[in-house]
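Step one of this worksheet: look at the structure below.
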Amino acid sequence: MKVKGISILFCLILVVGLDAQRKKERDTSAIIQQPGRVEFSIFDYAMQYRVINGEEDGLLVYVETEDRTDNAYNWTFNKLDTALNQVWTRIYPIPFDSYLVGMEYHDGKYYLLFNASRYRNEDLLLLEIDSKEGSFQQIEINTVFPIQLTFFEVIDNNVLLSGYTNFRPVLLTFNLDVQKPRVVPGFYDNKSDILDIVIDDDAHMFTVIQSEKLQGNRFTMKAKTFTSDGDLIQNNGIIPGDKKSLVDGASTIFYGGFQYIAGTFSKKASQYSRGLYLSKFVNGRQQFIKYHDYADLTNFFGYMNERRERRIKERIERKKQKGKKPKFSYRLLVHDIIQRDGEYLMIAEAYYPRYSSYSAPGSSGGFNSGYNSYNPNFMGYKYTHAVVVAFDRNGNIIWDNSFEVNDVETYALEEFVVVNHEKDKTILMYLEDNTIRSKVVEGNEIFEGKTFNPVRLAYEKDEVKSRDPEIEGLKRWYGDFMYAFGEQRIRNEQGEGGRNERRVFYINKITYNLNAETN
């Protein structure tokens with residue numbers, strides 16, 4: 001009986017301890033604030049609202065309705081200001097055969113790009129919407145040859161279209177004044193892929209990040225900078241050195257001849273990287289490239305629980321004492337580089353593909369993966385954590401930190417973690433299961449640990465009964481503001497909002513106040 005009593009007491013202590021730990025892990029943050037919310041009613045499950053970010057110009061919310069004409073569906077467009085007040089509503093017909101392939105905001109106008117036909121990829125329809133007036137203009141685009149689009153951007157008076165034709169990458173500009181396409185030379189080959197397009201509206205330039213195959217089945221990165229019309233300004237190609245293959249890359253904007261390219265590297269042609277690199281170019285010449293293994297980072301494994309992180313670091317130290325280099329392999333999705341007070345912040349999210357049974361590597365991929373074959377065993381990507389690393393001008397790491405990402409799974413690779421910064425602090429956030437999860441770091445130190453803030457509802461008695469996990473997210477908006485969005489089925493026993501139960505698409509305005517008291 002004594003032994004049983006001790007066991008029961010131990011179990012009770014353990015349960016209390018676990019509850020206390022779970023409560024601690026679910027702390028909310030006074031730093032994260034939600035100053036506004038707007039809801040749009042959903043009357044049937046076919047309705048799907050979408051949002052275009054107009055930055056300081058507000059948001060454009062649109063939805064396809066059940067109403068139709070003889071040859072078109074009627075879409076409803078709602079313009080919101082930055083306080084989430086409705087500015088105007090318009091209904092506009094979209095032809096039956098067309099389907100949406102891209103959306104963009106530029107210089108006071110919203111753009112929606114459609115394939116004009118499901119059978120001809122060279123015929124496009126561009127819908128231009130004036131943000132202030134709510135007026136519409138249709139522009140027909142013919143690319144001459146069919147393109148499977150991967151990127152759509154607008155800069156000055158030019159539309160940038162990138163994708164694949166005949167399984168090879170291609171980049172076009174379409175001038176909205178003369179309404180003629182132009183092929184940008186230097187991309188149509190079978191040894192390269194376009195990974196990203198970085199727009200610099202202030203300088204009227206754009207940079208194309210390109211992966212290029214080298215001898216020995218290795219890869220390098222190029223950053224080609226063009227005028228807004230598509231004329232080449234500078235071509236910076238990294239010389240990676242022996243036994244190095246560059247997996248991914250991101251670039252700073254091109255300024256005064258200076259440009260940095262950062263990303264992940266491996267020792268051979270593999271999507272699994274061994275660490276990070278930073279390369280500097282001045283007037284087209286590579287000044288250096290520096291490599292940093294994941295084992296050399298201070299907090300790369302900080303997303304793990306303390307016991308597991310301690311074992312990893314002890315293993316690293318033992319190997320170093322024996323003169324060996326610890327090796328870790330990760331897949332990272334690299335964000336754009338943020339320049340801040342002499343530091344260059346590289347943000348990336350770690351993930352891995354999931355399969356129901358064995359499948360050959362590379363059999364499935366994300367939006368920019370080109371033409372990977374369909375794999376019925378592919379179950380999506382599982383995210384594990386985000387890492388933020390600060391480099392100095394010489395490519396040395398100043399500090400690094402990590403942020404655990406839980407429960408995020410997706411079939412298409414996309415950025416989930418939103419990163420903002422204020423002076424020497426960096427705020428990391430993402431949305432999952434109606435909850436804003438956040439962490440604030442100050443260099444290698446933690447200013448506020450991981451917290452969980454429920455999405456604020458419209459009424460006190462509101463209760464979320466269900467949500468659509470496929471339609472939920474958190475995006476940067478303007479300045480220190482972000483917006484969260486998603487679909488919810490809400491119950492309210494008091495009938496606030498006009499009825500006891502409603503299904504809505506919501507948008508919540510999100511910001512932060514670092515002067516608030518932390519947990």
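Note that the coordinates shown come from a computational prediction; the quantities given were computed from them, not determined experimentally. Excluded from the calculations below are hydrogen atoms, water molecules and symmetry mates; all remaining heavy atoms, backbone and side chain alike, are included.
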is_close_aromatic([X], [Y]), centroid dist under 6.0 Å:
X	Y	value
Phe300	Tyr294	yes
Tyr381	Phe378	yes
Phe152	Tyr111	no
Phe301	Phe328	yes

Intermediate values then yes/no, side chain to side chain contact (heavy atoms under 4.5 Å, CB included), Leu332 and Val247:
CA-CA 9 Å; Leu332 262 63; Val247 180; over 6 Å; no
Pair Gln33, Asn453 - check side chain to side chain contact (heavy atoms under 4.5 Å, CB included), show working.
CA-CA 9 Å; Gln33 299 174 353; Asn453 285 54; over 6 Å; no
Search all heavy atoms of [X] against all heavy atoms of [Y] and return the closest pair with its distance.
X	Y	answer
Ile233	Met205	CD1-SD, 3.2 Å
Gly479	Asn420	O-ND2, 3.8 Å
Ser266	Tyr272	CB-O, 3.5 Å
Ala223	Thr207	CB-CG2, 3.9 Å
Phe481	Lys509	CD2-CE, 3.3 Å
Asp480	Glu422	OD2-OE1, 4.1 Å

For Lys327, side chain to side chain contact (heavy atoms under 4.5 Å, CB included) partners two or more places apart:
Arg274
Measure the shortest side-chain to side-chain distance between [X] and [Y] over non-hydrogen atoms and say whether it is less than 4.5 angstrom.
X	Y	result
Leu246	Ile261	no
Thr173	Phe226	no
Leu172	Ile147	yes
Glu448	Tyr512	no
His292	Leu278	no
Ile446	Asn299	no
Ile31	Asn513	no
Phe151	Leu160	no

Measure up the Tyr303 and His385 rings against each other and bin them: parallel (under 30°), tilted (30 to 60°), perpendicular (over 60°).
parallel
Kindly assign one of parallel, tilted or perpendicular to the pair Tyr383 and Phe416, based on the angle between their ring planes and the thresholds 30° and 60°.
perpendicular
Taking side chain to side chain donor-acceptor pair (under 3.5 Å) as the cut-off, I'd like each qualifying pair that reaches into residues 231-251, sequence neighbours left out, listed once.
Arg182-Asp231, Gln234-Asn236, Asn236-Gln259, Ser251-Gln259
Indicate whether any N or O donor in one side chain lies under 3.5 Å from an N or O acceptor in the other, for [X] and [Y].
X	Y	value
Arg285	Gln287	no
Asn53	Tyr105	no
Asp193	Tyr164	yes

Does atom [atom1] of [X] have more than 12 heavy-atom neighbours, drawn from other residues, nucleotides or ligands, at distances under 6.0 Å?
X	atom1	answer
Glu56	CD	yes
Glu445	CD	no
Tyr255	OH	no
Phe145	CZ	yes

Are any of the side-chain nitrogens in Glu432 or Arg467 under 4.0 Å away from the carboxylate oxygens of its partner?
yes
Using a 3.5 Å distance criterion without hydrogens, assess whether the side chain of [X] forms a donor-acceptor pair with backbone atoms of [Y].
X	Y	answer
Asn158	Ser228	yes
Thr426	His421	no
Thr220	Ile238	yes

Can you tell me how far the [atom1] atom of [X] sits from the [atom2] atom of [Y], to the nearest 0.5 Å?
X	Y	atom1	atom2	result
Phe281	Thr225	CZ	OG1	10.5 Å
Leu59	Tyr110	CG	OH	6.5 Å
Arg476	Ile510	CZ	CD1	14.5 Å
Leu60	Ile52	CG	CD1	5.0 Å
Lys267	Ser329	NZ	OG	9.5 Å
Thr252	Ile337	OG1	CD1	6.0 Å

Partner set under ring pair (Phe, Tyr, Trp, His ring centres under 6.0 Å) for Phe254, not counting sequence neighbours
none
Give me the one residue out of Val389, Asp424, Val388, Leu297 that meets side chain to side chain contact (heavy atoms under 4.5 Å, CB included) with Trp399.
Val388
Under the criterion side chain to side chain contact (heavy atoms under 4.5 Å, CB included), which of Ile199, Ile253, Thr227 is the partner of Phe206?
Ile199
Using a 6.0 Å distance limit plus a 45 degree cone around the ring axis, check whether Arg168 lies over the aromatic ring of Tyr188.
yes
Validate the cation-pi geometry between Lys439 and Phe403: distance from NZ or CZ to the six-membered ring centre under 6.0 Å, angle to the ring axis within 45°.
no
Pairs satisfying salt bridge (charged side-chain N to carboxylate O under 4.0 Å, His left out), at least one member in [range], at least two apart:
range	value
residues 301-312	Glu309-Lys313
residues 212-225	Glu212-Lys222
residues 340-353	Arg340-Glu343

Test Val455 against Glu472 for side chain to side chain contact (heavy atoms under 4.5 Å, CB included), laying out the working first.
CA-CA 11 Å; Val455 169; Glu472 184 178 61; 6.0 Å; no
Could you give me the CA-CA distance, side-chain angles and deciding distance for Met221 and Ile289, then say whether side chain to side chain contact (heavy atoms under 4.5 Å, CB included) is met?
CA-CA 12 Å; Met221 295 290 151; Ile289 181 169; over 6 Å; no
